[in-house]
Protein chains: 2
Amino acid sequence: MVSQQVSALERMLDSGNFSSGCPTRVVLDHVMSRWGVLILVALSDRPTRWGELRRVVDGISEKMLAQTLRTLEADGFVHREVTASIPPRVDYSLTGSGGELVERLLPLVDWVTEHAPAIVGRS
Amino acid sequence: MVSQQVSALERMLDSGNFSSGCPTRVVLDHVMSRWGVLILVALSDRPTRWGELRRVVDGISEKMLAQTLRTLEADGFVHREVTASIPPRVDYSLTGSGGELVERLLPLVDWVTEHAPAIVGRS
DNA sequence: CGGGATCCATACTGATACTG
DNA sequence: CAGTATCAGTATGGATCCCG
């Protein structure tokens, strides 16, 4: 099934969906942001600690890691669990909602991973 | 099938995949950009003209529309067809590669569209 | 170890004007 | 109609320092 019954274009035009500032656009901006995707994919396997995320998401600044995690937490995609110890420990994991989202994100990321070399190579 | 055989986290750590500046990251940034997603989804239905894209992708500036289209064209996801007439006419459509990509993009966008109101509502 | 606060550079936006 | 060019204002991201 390549297409959908009601075309995406129709839905974008009708009913104010996809209008600037609508809920869909807001969430899409969070999820599809440069770092949002990578963090969600990194969490798809298992709960991960702050420092581990920082290493695995190559190139992210501490600011953007914190900011993106807070946004994803506010959206209900990521759960933050603090263990009060010395040294302190914070684990991040996907919520049920986050899991559903990542389930739909991985096929896309996998496809890009597979085809990207050929694409960039010929630019 | 919620998960994959080899965890995404492992793949992010191993083999320099997902390292900053790698082809996957570059293409991902193009596709997952604020406007990239919306333009690709808008084109999923049928070839679309410049002016129509401008209207359907609410809030985009002419500058970003032109820039994003050029990037997606360079990546081989979008085809640009000029009809030399008066008035001039330019149609944009998905390439085969772009179609495969959008096929994996739509389930994600659909899921977000369905769940976004509840998410933003409780923030 | 897990952040918060701050400052600076860049990227994006919006408006306007101009072209083939 | 389908763009390109330019400029000024703003949002976003990165680097660094600091703290519990």
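What you are looking at is a predicted structure, and each value in this text was computed from that prediction instead of being measured. All chains are named by letter (A, B, ...) in the order of the sequence lines, taking the proteins before the strands, and each is independently numbered beginning at 1.
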* **A/S19 side chain to A/C22 backbone, donor-acceptor under 3.5 Å** => no
* Starting from P on D/dT12, measure out to CG on B/D29 and report it in whole angstrom. => 17 Å
Atom pairs under 3.5 Å: protein N/O with N/O of nucleotides 2-5 of chain D:
from, atom 1, to, atom 2, distance (Å)
D/dA2, OP1, B/R49, NE, 2.9
D/dA2, OP1, B/R49, NH2, 3.0
D/dA2, OP2, B/G51, N, 3.1
D/dG3, OP1, B/R80, NE, 3.4
D/dG3, OP1, B/R80, NH2, 2.5
D/dG3, OP1, B/Y92, OH, 3.2
D/dG3, OP2, B/Y92, OH, 2.7
D/dT4, O4, B/E62, OE1, 3.3

* Asked: Taking all atoms of both residues into account, what is the closest heavy-atom pair of B/A42 and B/T48, and its distance?
  -> O-OG1, 4.0 Å
* Structure fact -> To the nearest 0.5 Å, atom NE2 of B/H79 lies from atom OH of B/Y92 at 11.0 Å
* Could you tell me whether the side chain of B/M32 reaches within less than 4.5 Å of the side chain of A/L105, counting heavy atoms only? => yes
* Asked: Taking B/T95 for the side chain and B/S93 for the main chain, is one N or O donor matched with an acceptor at less than 3.5 Å?
  -> no
* To do: With rounding to the nearest 0.5 Å, note down the distance linking NE2 in A/H115 to CG in B/D75.
  => 13.5 Å
* With a 4.5 Å heavy-atom cut-off, do B/L65 and B/I39 have their side chains touching? -> yes
* Asked: Within the structure shown, what part of the strands sits under 4.0 Å from B/G59 by heavy-atom distance: base, sugar-phosphate, or nothing?
  -> sugar-phosphate
* Structure fact -> Of A/P87 and B/M64, the one whose closest nucleotide on DNA chain C sits nearer the 5' end is A/P87
* Structure fact -> Span of DNA chain C engaged by chain A, first through last nucleotide within the 4.0 Å heavy-atom cut-off, is C/dC1 to C/dC7
* With sequence neighbours left out, what residues match B/D58 under side-chain hydrogen bond (donor to acceptor under 3.5 Å, both in side chains)? -> none
